Number of protein chains: 2
Amino acid sequence: MKISLKEMAKRLSLSPAAVSKALNDYPDISLATKNLVKSYAKKVGYKANSQASFLRSQKTKTIGVIIPDITNPFFNKILKTIMTLAQKNNYSIILGNSKESFSLEEKLVNQFLQQKVDGILMSLANDTSQYKHLENILANDTVLVLFDKVAKLINCSKVFVDDKDGGFKATEHLIKKGCTKIAHFRGGLNPQNSIDRYLGYREALSVNKISFDPNKVLITSSGSIEQGYILAKKLYESGIEIDGLFCITDMVALGAIRFFKEQKIDIPNEISVIGFSNTMAGNLVYPSLSTIDQKASKIGAEAVRLFLSEEKMLKTENRLENQSLVLKTTLIKRESTQRI
Amino acid sequence: MKISLKEMAKRLSLSPAAVSKALNDYPDISLATKNLVKSYAKKVGYKANSQASFLRSQKTKTIGVIIPDITNPFFNKILKTIMTLAQKNNYSIILGNSKESFSLEEKLVNQFLQQKVDGILMSLANDTSQYKHLENILANDTVLVLFDKVAKLINCSKVFVDDKDGGFKATEHLIKKGCTKIAHFRGGLNPQNSIDRYLGYREALSVNKISFDPNKVLITSSGSIEQGYILAKKLYESGIEIDGLFCITDMVALGAIRFFKEQKIDIPNEISVIGFSNTMAGNLVYPSLSTIDQKASKIGAEAVRLFLSEEKMLKTENRLENQSLVLKTTLIKRESTQRI
DNA sequence: AAATTTCACTAAATCGTTTTAGTTAAGGTT
DNA sequence: AACCTTAACTAAAACGATTTAGTGAAATTT
C-alpha cells in the first residue's frame, strides 16, 4: 500500500529526481516520461508524504485556528466558514480550544509554531492581556490573523465587529420603541468587545438625551443563561423600575426573560429585551429574541481572505503586510421588542 | 528566533547526535552535558521541528477528526471532549467537516493519510455506503475509531449509542404517560441510527400491545426545525388523530411544537412530544422538551481512549486490536410530556 | 566538420532530526 | 604491562522528498 517516490523511481528505472520533477511538471522532463510517471503513480496510489515535502518546501499547507470556546455557536459559525474556505484552497485546519484561558492559548500557539503551520487565525481568550506569544508568531515569519477578540496593539491583520456601534443600535432600537428606563447587563473589563457594547449603550442614551443611571447597569460574571436569570432577579428585587433591557449576549437575555416570565411580567410590553450575537436559540423561544447580528460567516471569510493575501505577500515579497477590517452589525427585530 | 538542533550543537561544540540524545534523555550522555544542553535550549527557545522529527520517528502526534456537521451541537460536544483529552495527551487535532457528503469525507481521509496523522476518529456522513476509504486507513497502519455513525462491517474500534433502545425508551415514556395514538417522524434509510430509532418505536408499540399504524409515521428529509413544522402540518391536515409524537431529533420536535402551538393545541395535554439528542435548545423553550440523552461527552471520551489503547498496541505489538462499545441512552423528562 | 545549443535526464546535496555503529580515553582486572 | 570494560561521546546513514549542478547524446548552427 505504502510506496515512496524512491521506490517508484526504482520500479520505473528512473532517478528519484526525474520522478519528482515529472510529478511536479518541471519543464525538463519529456511528456512521455511525465505521462508514464503520473499514470504509474495513480495506479499504485502514490501520495507524497507531506512531512517530508515540508523539509524542503517549508510549507505545510496547514492553518492553526484557536478559538476561546468551541461550543459557542458564534465561534462555531466562524469556524465553519473558515474550514470551508480552507478546504477550498487546499489547506488543512489544526484546531485549538483555548477555553478562555491565557495559559492554554499560549501553549497552543507554541504547539502550532512547532508544527510549522503556515498561519494562525485566532480569537483571543478573555484573560489574555500580554502579547508575547503573538509577537512570537510574527517573529517566526508565520502569518497571524486575529478575529473578533483582537489585540489592537499587535501589528497583524485583524477582522472584528464594531461593538460600540452594535451596542448603540441595540439601545437606540429600544428607545425608538418607546423605552425610557433602559437597563444594561454588561460584561467585565475584558475583552474590549464588552466594554465597547457598554460604550454604545452610553452613547445612545446620551444622543437621545436620556440620563444615565449607574444603578441600571449590572455586571455579568459569565455570558450564561443562569447569569441573566440571577441579574434579572437582583434588579427586580432592588425595586428599580425599567421598561427596556439590553443584554451583552443572547444567553443572558434568555435568562432574564425566563425570570421576568416567571414574575408574569409581559415581554415586550412591560419590559422589552434585546440581546447580542443572533444565536440560533433566540429564534426558537417565545417571545423570539431581538438581537444584534455579528455576521459570523463574514468574519470567518474575511479572516481566511486576509490570511491568503498575507501568505501570498510573504511568498512573493518575503514580508508581511497587514490590514484591519471593521464589520458593521445588523439589528434583528423580533418579538421581544415588538411593543403593541 | 529560529534555531536548529545543528546550530545549537555548533555553538555548544558538541555533535548534533549528542544534543539530540541529551534532549531525549539517552543514558549515554553525562548529566552535566544534559543539563548544559537543556538549559541552553531553554534559553534560546529551541523547539524541535515536528515535521523533521517525523521522518525518523514516523509519529506526528496528530489525530484527524472528521465530523458530518460541525455546527450540530451533539457533534460539537463530542468534539470538545475529544479535543480536551487529545490536548491532555499531547496530541494535536486536525479537523475536517464532511458536511454529510461522502465525496468530501473521502477527500478528507486521503488528505489526513497524506499528512500522516497517527489516527483518524470519525463519524460517517449519511450518504456513505462504500467503505474503501476506511479500509485504506487500516491498510496504512493508521488507527481508526468510528463513533456515533459507524460502519458495522469495518474491522475497527467503534463507539456508538444504542439507538433502538433510545427509540424504545422515548416511545415507552409516551405510552406510560397515557398516550395511545403515537406518531413518529423518522429519518430516511441512512444512517442506521435513524432506522434503529424507528425500530425502537415499533418494538415499544408491540411490547405494549398498541397496533402499529403506518399512517402515523412520516419521513423527514432533514433534521431541521422547518421539517418538523412541515410534517406536523401535513399530519394535522391529513386529519389523523394523535396524542403523542416521537421525533427523530430535538429540532424536528421543536418545529412540530411550533406548529401545534400556532393551532392552539395544548402541549403536552393534547399532544405530548419527545425529541432525541438532548440539544441545549430543548431546555430553553416553553414547554421545555423531553428527550433522549446520548451522552456526547462519554462518546468523545471513549473514542479517545480507544485510540490511545490502539496506538499503544500498534507500538508495542505492531498490530491493531479493536473493540466495540455500545452506550445506553438516558430519558430526560421535561414539560413537553408532563401531562396533568 | 567543429562548435554550440537543447533535451532529457542523473548525481548528490539538502531540509532537521534520530539512531546505529563506531571511537577514544580513562579506569579496572589479572 | 597487556587486556578488557565502561563512560561519553562522534560520524555517518537514514527518513522521503526537492533542487542545484552537472552530464551525455542528439539536434542545430556556422
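Predicted model, so just to flag it, every value in this text is computed and none were measured. Here is how names work: the chains are called A, B, and so on, in the same order as the sequence lines, proteins then strands, and each is numbered from 1.
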- Not counting sequence neighbours, which residues clear side-chain contact (heavy atoms from CB on, under 4.5 Å) with A:Lys10? List them please. A:Glu7
List the residues meeting salt bridge (Lys or Arg N to Asp or Glu O under 4.0 Å) with [X], not counting sequence neighbours, and say none if there are none.
{"X": "B:Lys149", "result": "B:Glu100"}
{"X": "A:Asp25", "result": "A:Lys34, A:Lys38"}
{"X": "A:Lys6", "result": "none"}

- Give me the bend of the helix from C:dA1-D:dT30 to C:dT30-D:dA1, using the axes of the five pairs at each end, rounded to 10°. 60°
Please list, chain by chain and in numerical order, all residues satisfying side chain to side chain donor-acceptor pair (under 3.5 Å) with [X], sequence neighbours excluded.
{"X": "B:Lys99", "result": "A:Thr84"}
{"X": "B:Asn49", "result": "none"}
{"X": "A:Thr60", "result": "A:Asp118"}
{"X": "A:Gln192", "result": "A:Asp196"}

- Nucleotide-resolved protein contact map, nucleotides 15-24 of chain C, B/S/- at heavy-atom distance under 4.0 Å: BBBBBBB---
- How would you give the extent of chain B contacts on DNA chain D, as first and last nucleotide 5' to 3' within a 4.0 Å heavy-atom cut-off? D:dA8 to D:dG16
- Message: Does anything in residues 111-120 of chain A come within less than 4.0 Å of DNA chain D? Heavy atoms only, and list the residues if so.
- Response: none
- Item | Chi angles and distances behind the salt bridge (charged side-chain N to carboxylate O under 4.0 Å, His left out) call for A:Lys132, A:Glu135 | CA-CA 5 Å; A:Lys132 224 175 130 183; A:Glu135 283 158 8; over 6 Å; no
- Should A:Thr62 and A:Gln115 be marked as a side-chain hydrogen bond (donor to acceptor under 3.5 Å, both in side chains) after you check the CA-CA gap, both sets of side-chain angles, and the distance that decides it? CA-CA 9 Å; A:Thr62 294; A:Gln115 296 200 18; over 6 Å; no
- Would you sort out whether A:Phe307 and A:Tyr91 count as a ring pair (Phe, Tyr, Trp, His ring centres under 6.0 Å), showing the intermediate values? CA-CA 11 Å; A:Phe307 162 77; A:Tyr91 279 89; 5.3 Å; yes
- Message: If I take atom CG from residue B:Leu306 and atom CD from residue B:Glu310, how far apart are they, to the nearest 0.5 angstrom?
- Response: 7.0 Å
